[in-house]
Amino acid sequence: MRIAFGKIKTRLATGIGSTVAVGAAAVYSVFGAGPPPSVTQYTAGNAIEAGRWLVTPQRAWVSRQRVYGVTLRPGQQALVLEADLSNRTQASTGVYSDLLRPATMPGITLEDPVVAQVRDPKTAPLLHPGMPERVIYVWMIPASATPPASFTVDVVGETFKPVDNLFGTPGWFNPAVVGQVTLPFGQPPAGAEQGS
Amino acid sequence: MKRRLATLLLLAAAAAVLFAMQRSTPRYDELTGPLLVSGRMGQPVRTRLFDANVERVQFARQLVYERFDRQTVRTTSGLWAIVTVELSARSRSMHVGRASWVGPQGFQYLLSDRLALAPGQSPPAIEPGLPRRARYFFEIRPDQVDGAVLWLSEHVGPRLDSEAHIKLDVLPRAADGALDVMDTFDMNAAIKEQP
């Protein structure tokens with residue numbers, strides 16, 4: 001009797017851990033399978049706080065010409081998004097190419113965007129703290145592709161850590177989608193396109 | 001009883017000391033950071049590799065220069081700050097390639113990158129015994145003018161090397177004390193008058 005009881009006790013003891021593990025895994029998979037949490041939707045003119053940047057998307061258009069000094073190769077067209085960027089960090093920086101991430105469009109693969117300043121045609125400008133500048137993001141796509149009627153873009157923000165775990169330096173980490181902007185493809189502003 | 005209390009007190013004191021030591025340990029970043037050499041305008045600041053003497057600070061709303069025989073105008077949403085520095089190397093030829101305008105709250109404005117192909121805008125090369133003037137151009141917010149400091153070093157983020165921090169305390173003022181801001185600064189003319 002004593003031996004049998006001891007056996008049961010041992011079995012119970014060894015079983016508890018795995019039971020908890022299986023239960024936790026089940027709970028996680030049940031919650032993980034649900035729909036992804038909805039992101040905040042924005043339209044043109046909304047200021048969006050995204051980590052390093054305060055970004056205000058203005059308009060989007062499809063271009064087949066040189067736009068603000070960004071040249072297209074033959075057989076290319078460009079999806080252009082105009083936005084105001086304000087540097088919220090302590091120092092001048094040019095880290096903004098991962099800020100806007102277009103939603104997947106059927107049949108179109110996108111490369112990294114070219115960013116140009118509107119004030120004078122300068123690609124990849126350095127933006128200074130607290131001095132908002134208007135820039136354009138240009139994504140090249142094949143001229144044969146048909147762009148959709150509107151442009152949906154995820155805004156990706158990072159979080160500031162005063163001390164990182166590796167070097168003990170401050171930095172921006174953990175990119176996450178903080179909002180989604182939908183802009184109709186419209187007409188370019190006057191003076192944006194300068195022939196090809 | 002008394003003994004136990006003493007032990008507890010001793011333990012608490014040890015914990016407090018250890019906590020303080022953990023909190024005050026300098027980070028790797030601070031241990032290997034730049035070695036600051038501070039100074040002010042009008043006096044030479046001597047770092048390991050170069051001497052710097054800030055002669056003049058000017059402000060302008062726009063810059064004008066000629067590029068390929070065409071007049072180019074550079075506007076800004078803030079102010080252009082123009083810092084004239086006399087530089088000379090101490091032991092070897094070098095470039096003072098990194099300059100930043102650091103405002104009173106610590107905002108760091110790096111050299112403007114919008115003046116490509118403007119005259120005199122390559123990082124100034126300096127030689128030992130041959131002092132020369134260099135001009136640095138920054139785009140700053142108008143509220144970053146007072147109490148600013150110029151940081152100069154050979155490279156980005158010097159490690160265990162000196163970095164000059166020069167207080168910019170002599171600013172151009174009009175008779176009524178307001179900041180003197182030029183409408184236009186001609187970079188070509190400035191180069192000619194002060195090679």
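What's counted below: heavy atoms across the whole structure, side chains too, no hydrogens, waters or symmetry copies. Naming: A, B, ... by sequence-line order, numbering from 1 per chain.
- Rounded to the nearest 0.5 Å, atoms CH2 (B/Trp101) and OG (A/Ser92) are 13.0 Å apart.
- Rounding to the nearest 0.5 Å gives a distance of 8.5 Å between CG of A/Asp164 and CZ of B/Arg27.
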Name each donor-acceptor pair under 3.5 Å that joins a side chain in residues 25-33 of chain A to protein atoms two or more places apart or in another chain, with its distance.
unit_1, atom_1, unit_2, atom_2, d
A/Ser29, OG, A/Ala25, O, 3.0
A/Ser29, OG, A/Ala26, O, 2.9

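- For A/Thr89, the part sitting under 4.5 Å from any heavy atom of chain B is the backbone (N, CA, C, O) and nothing else.
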The test is side-chain contact (heavy atoms from CB on, under 4.5 Å); show your working for A/Arg119 and B/Ser77 and say whether it passes. CA-CA 9 Å; A/Arg119 185 182 292 276; B/Ser77 58; 3.3 Å; yes
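- Atom CD of A/Glu111 has 12 or fewer neighbouring heavy atoms from other residues, nucleotides or ligands inside a 6.0 Å radius.
- Open room surrounds CZ on B/Arg4; 12 or fewer heavy atoms of other groups in view lie less than 6.0 Å from it.
- Contacts with chain B (heavy atom to heavy atom, under 4.5 Å) involve these residues of residues 127-141 of chain A, listed by number: A/His128, A/Pro129, A/Gly130, A/Met131, A/Pro132, A/Glu133.
- Contacts between B/Thr76 and chain A at a heavy-atom distance below 4.5 Å involve backbone atoms as well as side-chain atoms.
- A/Arg101 CZ: 12 or fewer foreign heavy atoms inside a 6.0 Å radius.
- The local environment of CG in B/Asp176 is crowded, with over 12 non-hydrogen atoms from other residues, nucleotides or ligands closer than 6.0 Å.
- Sparse packing is recorded around CZ of B/Arg40, with 12 or fewer heavy atoms of other residues, nucleotides or ligands lying under 6.0 Å away.
- Atom CG of A/Leu126 and atom OH of B/Tyr109 lie 12.0 Å apart (nearest 0.5 Å).
- Taking B/Asp29, B/Leu110, B/Val73 one by one and counting their heavy-atom pairs under 4.5 Å with chain A, the maximum is reached by B/Leu110.
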